[in-house]
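Comments concern the structure below.
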Amino acid sequence: MDYTLHDETLKLVKEERRLTGLVIENLQKIQEANLHLKMGYSSLFEYAVKALGYSESCAYRRTSAVKMARVLPEIKEKLNSGELNLTNLSMAQSFFSRGKIEVAKQKEVLEKIEHCSKSETEKILVREFGVKALPPKRELVQSTTGDEALLHVRLQQETLKKLDRLKNLRAHKNSKMSYADLIDDMCEYMLKKLDPSERTVHGQHTRNTDLSAKPGAVGVARSPNPRYIPPMIKRQIWRRELGQCSYIDVKSGKRCESRHLLQYDHIQPVCCGGEATEQNLRLLCHAHHRFRDANV
Ligand SMILES: [Zn+2]
């Protein structure tokens with residue numbers, strides 16, 4: 001049997017590496033141009049999963065490489081040559097992103113993990129950074145059948161103690177409370193506190209419970225601070241936007257799906273006379289708020 005098949009496969013693997021390098025380079029350009037934000041994705045990771053169809057772990061390895069390439073552009077060459085691969089790069093990046101690691105130290109570590117397997121890389125990183133184990137992996141949510149899901153999280157011992165204290169305090173409600181029951185209980189409590197659409201109207205808000213009232217109308221005090229947004233208006237906006245970023249890509253019509261770090265945005269900025277009215281306000285995620293500010 002001749003080795004033609006092996007030679008062909010070797011060629012394909014080289015081509016695969018070259019293409020991976022090009023994908024990383026393009027992802028970097030996309031991030032620099034904020035194209036993912038323009039298209040309605042709140043992060044490059046979300047763009048890689050939802051627009052490019054990568055699995056979460058594949059997207060994580062590629063976006064880790066993009067982060068590293070910003071500081072160490074030479075890694076693209078090393079990916080191309082096969083000296084480094086996306087797995088050991090993302091493992092190293094999980095250490096580099098934890099604190100201020102000098103660029104010289106990052107280069108030194110990368111040289112040590114060249115051509116290394118996953119387990120060899122792990123041993124080197126643990127030794128180089130003087131830790132007992134790799135940093136915790138991304139939290140994992142697994143959907144199961146029915147209405148349930150499995151959530152894998154790594155907790156500090158202190159957090160576990162707090163959860164146990166809460167279980168004891170809530171024992172009068174449910175003496176056999178599980179951690180799942182407690183999490184549900186905490187969600188109910190926190191959502192009532194934090195979600196504007198669930199918050200009950202009380203205190204100063206009860207002066208006018210008519211949700212159609214405009215600021216300045218009877219019962220709604222005007223604040224001397226032009227940036228102040230009355231809680232009632234906030235609730236109206238939150239309900240109208242369904243607690244989701246309202247950015248829409250004009251080309252595709254895709255709306256950003258983020259519910260993370262939502263902020264109230266004045267469509268006509270306050271400095272240009274924009275007021276805190278329902279018509280002049282919208283919800284944007286942090287990424288699209290910054291994107292909007294950079295493009296005003
Ligand atoms: Zn957004």
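Heavy-atom basis, side chains included; hydrogens, waters and symmetry copies ignored.
Leu160 is connected to Leu151 through a chain of hydrophobic side-chain contacts under 4.5 Å among Ile, Leu, Val, Met, Phe, Trp and Tyr, so both are in one cluster. Both Val103 and Leu125 sit in one connected hydrophobic cluster of ILVMFWY residues. Membership requires side-chain heavy atoms under 4.5 Å apart, directly or through other members. Under the 4.5 Å side-chain contact rule for hydrophobic residues, Leu284 and Val270 do not share a cluster. The hydrophobic cluster containing Val71 also contains Ile101, counting ILVMFWY residues as joined when their side-chain heavy atoms lie under 4.5 angstrom apart, directly or transitively. Criterion: ILVMFWY side-chain heavy atoms under 4.5 Å apart, direct or through other members. Under it, Met177 and Tyr179 are part of a common hydrophobic cluster.
By the 6.0 Å contact criterion, CE on Met186 is enclosed, its count of non-hydrogen atoms from other residues, nucleotides or ligands being greater than 12. Summarising the local packing, NZ of Lys78 is surrounded by more than 12 heavy atoms from other residues, nucleotides or ligands at distances under 6.0 Å. Few gaps surround CD on Gln268; more than 12 heavy atoms of other groups in view lie less than 6.0 Å from it. Within 6.0 Å of CD on Glu158 lie no more than 12 heavy atoms contributed by other residues, nucleotides or ligands.
The closest donor-acceptor contact from the side chain of Thr159 to the backbone of Leu155 lies at 3.5 Å or more, if one exists at all. Using modelled atom types, one side-chain atom of Arg259 and one backbone atom of Gly243 make a donor-acceptor pair closer than 3.5 Å. A donor-acceptor pair under 3.5 Å is absent between the side-chain atoms of Ser258 and the main chain of Ser42, judged by distance alone. Side-chain atoms of Ser175 do not come within 3.5 Å of backbone N or O of Ala171 as any donor-acceptor pair. The backbone N or O of Glu108 lies less than 3.5 Å from no partner atom in the side chain of Glu111, so there is not a single donor-acceptor pair. Proximity of a side-chain donor or acceptor of Arg70 to a complementary backbone N or O of Gln28 within less than 3.5 Å is not detected. For Asn280 (side chain) and Glu275 (main-chain N/O), a donor-acceptor pair under 3.5 Å exists by modelled atom type. With hydrogens and angles disregarded, a donor-acceptor distance shorter than 3.5 Å links the side chain of Arg255 to the backbone of Cys245. Side chain of Arg170 to main chain of Leu166: no donor-acceptor pair is present (N/O by atom type, distance under 3.5 Å, no hydrogens or angles). Remark: the backbone N or O of Ile124 is not paired with any side-chain donor or acceptor of Glu128 at under 3.5 angstrom.
In this structure the side chain of Arg17 never reaches within 4.5 angstrom of the side chain of Leu79, judged on heavy atoms. Annotation: side chain of Ser64 is not in contact with side chain of Ser94 (no heavy-atom distance under 4.5 Å). Counting heavy atoms from C-beta outward, His286 and Gln263 have side chains that approach closer than 4.5 Å. Counting heavy atoms from C-beta outward, Tyr41 and Val49 have side chains that stay 4.5 Å or more apart. In this structure, Arg240 and Arg282 have side chains that are in contact, with non-hydrogen atoms separated by less than 4.5 Å. Within the 4.5 Å cutoff, the side chain of Tyr264 has no heavy atoms near those of the Ile233 side chain. Using a 4.5 Å cut-off on side-chain heavy atoms (C-beta onward), Ile267 and Leu281 make no contact. Using a 4.5 Å heavy-atom cutoff, the side chains of Leu27 and Tyr47 are in contact.
Distance check: Glu278 CD to Arg239 CZ gives 11.0 Å after rounding to the nearest 0.5 Å. With values rounded to the nearest 0.5 angstrom, Arg61 atom CZ is found 11.0 Å from Asn88 atom CG. With values rounded to the nearest 0.5 angstrom, Glu122 atom CD is found 12.0 Å from Ile113 atom CD1. Interatomic distance, NE2 of His289 versus CG of Leu261, reported as 12.0 Å (0.5 Å rounding). Taking CD from Glu56 and OG1 from Thr63, the interatomic distance works out to 10.5 Å, rounded to the nearest 0.5 Å. Rounding to the nearest 0.5 angstrom, the gap separating the CD1 atom in Ile24 from the CE atom in Met68 is 11.0 Å.
The two residues Leu72 and Gln106 make their nearest non-hydrogen contact at CD1-OE1, 3.5 Å. In terms of heavy atoms, Asn85 sits closest to Cys116 at ND2-O, 4.2 Å. Of all the heavy atoms in Ser90 and Thr87, the pair that sits closest is OG-O, 3.1 Å. Closest approach of Lys76 to Ala69, counting heavy atoms only: CE-CB, 4.4 Å. Summarising the geometry of Ala65 relative to Ile75, their closest heavy-atom pair is O-CD1, 3.5 Å, with the distance given to 0.1 Å.
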Intermediate values then yes/no, side chain to side chain contact (heavy atoms under 4.5 Å, CB included), Phe45 and Arg62: CA-CA 9 Å; Phe45 174 79; Arg62 279 152 186 80; over 6 Å; no
Residue pair Ile183, Cys187: steps toward the side chain to side chain contact (heavy atoms under 4.5 Å, CB included) verdict: CA-CA 6 Å; Ile183 290 173; Cys187 289; 4.2 Å; yes
Derivation and outcome, side chain to side chain contact (heavy atoms under 4.5 Å, CB included), residues Tyr54 and Tyr60: CA-CA 9 Å; Tyr54 282 119; Tyr60 176 71; over 6 Å; no
Side chain to side chain contact (heavy atoms under 4.5 Å, CB included) between Leu110 and Leu89, worked out: CA-CA 8 Å; Leu110 288 183; Leu89 272 188; 3.9 Å; yes
Side chain to side chain donor-acceptor pair (under 3.5 Å) evaluation trace for Thr4 with Asp7: CA-CA 5 Å; Thr4 313; Asp7 293 339; 5.6 Å; no
Test log, rule side chain to side chain donor-acceptor pair (under 3.5 Å), inputs His36 and Gln31: CA-CA 7 Å; His36 59 300; Gln31 186 165 54; 5.0 Å; no
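With respect to Glu32 and Lys29, no salt bridge is recorded, no charged nitrogen being found less than 4.0 Å from a carboxylate O. In this structure, Lys11 does not pair ionically with Glu8, as no charged nitrogen and carboxylate oxygen lie closer than 4.0 Å. Looking at Lys173 and Asp185, a side-chain N of the basic residue comes within less than 4.0 Å of a carboxylate O on the acidic one, giving a salt bridge.
Considering Arg292, Arg290, Arg227 as possible partners of Asp265, the one that fulfils the salt bridge (charged side-chain N to carboxylate O under 4.0 Å, His left out) test is Arg292.
By the 6.0 Å and 45° rule, Lys105 stacks over the aromatic ring of Phe129.
Note: His288 and Tyr247 have parallel aromatic rings, judged against thresholds of 30 and 60 degrees for the angle between ring planes.
Between the side chains of His115 and Glu83, no donor-acceptor pair of N or O atoms lies under 3.5 Å.
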